[in-house]
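Numbers for residues simply follow the sequence, beginning at 1.
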Amino acid sequence: MLDVLQGKNMTVSPNAINSPSLILTGDPSTGRGVSVLPPGGPDRMFNRDYLNGDKQDIKPYLESINAKMSADSGVFADHWSKTFIDSWDESDNIRTILDSDDATLLTSFATGHTKDKIYDQIKTVSRMIVAREARGVNRDAFMIHLGGFDHQ
């Protein structure tokens with residue numbers, strides 16, 4: 001479905017919540033990746049516990065080691081660095097949008113559902129839909145995961 005929409009010059013955004021989904025990947029020749037978001041939306045790289053306080057010193061090092069390529073760089077190392085930086089930027093961008101007025105929901109979600117992962121996933125999907133214009137996409141596709149039917 002997304003391949004057809006993208007073929008009609010629409011900007012599409014495949015998003016999986018909490019786990020990757022092959023169904024959203026589509027034709028590999030499109031070069032379109034699937035964003036996998038945590039149930040509550042992505043964290044900013046520099047708000048994570050391992051980068052708090054004096055550990056912020058690592059930011060320039062991460063940027064430095066992932067921004068340099070040379071004639072003898074391996075293609076896999078270059079790909080890893082590009083993927084790392086792109087993921088980092090995308091995560092921060094989505095978090096910024098979700099924290100903005102562009103992602104304000106008209107429907108209030110009740111509080112106190114911290115153990116209910118499907119609740120968090122649906123709330124994140126709702127916020128992503130509301131922020132579609134700010135994210136610059138015409139069409140979204142979302143996959144959420146509800147497990148636990150055949151095990152405890």
When you measure from the side chain of [X] to the backbone N and O of [Y], does any donor-acceptor pair fall under 3.5 Å?
X: R95; Y: P42; value: yes
X: T96; Y: D92; value: yes
X: T104; Y: D101; value: yes
X: Q121; Y: H145; value: yes
X: D3; Y: D27; value: yes

Is [Y] reachable from [X] through a run of hydrophobic residues whose side-chain heavy atoms are each under 4.5 Å from the next?
X: L2; Y: M10; value: yes
X: I118; Y: I129; value: yes
X: V137; Y: L5; value: no
X: L98; Y: I122; value: yes

Are any non-hydrogen side-chain atoms of [X] and [Y] less than 4.5 angstrom apart?
X: L37; Y: M128; result: yes
X: L24; Y: F142; result: no
X: S35; Y: E90; result: yes
X: N138; Y: V12; result: no
X: Q6; Y: T11; result: no
X: D102; Y: V130; result: no

Kindly give the heavy-atom pair with the smallest separation between A16 and S19, and that separation in Å.
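Closest heavy-atom pair between A16 and S19: CB-O, 3.0 Å.
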Residue pair I97 / A103: nearest heavy atoms and the distance that separates them:
O-CB, 3.6 Å
Spatial distance of atom [atom1] ([X]) from atom [atom2] ([Y]) [nearest 0.5 Å]:
X: T124; Y: I94; atom1: OG1; atom2: CD1; value: 10.5 Å
X: S126; Y: L106; atom1: OG; atom2: CG; value: 10.5 Å
X: K8; Y: R139; atom1: NZ; atom2: CZ; value: 10.5 Å
X: N93; Y: W88; atom1: CG; atom2: CH2; value: 14.5 Å

Salt bridge between R135 and D140, side-chain N to carboxylate O under 4.0 Å?
yes
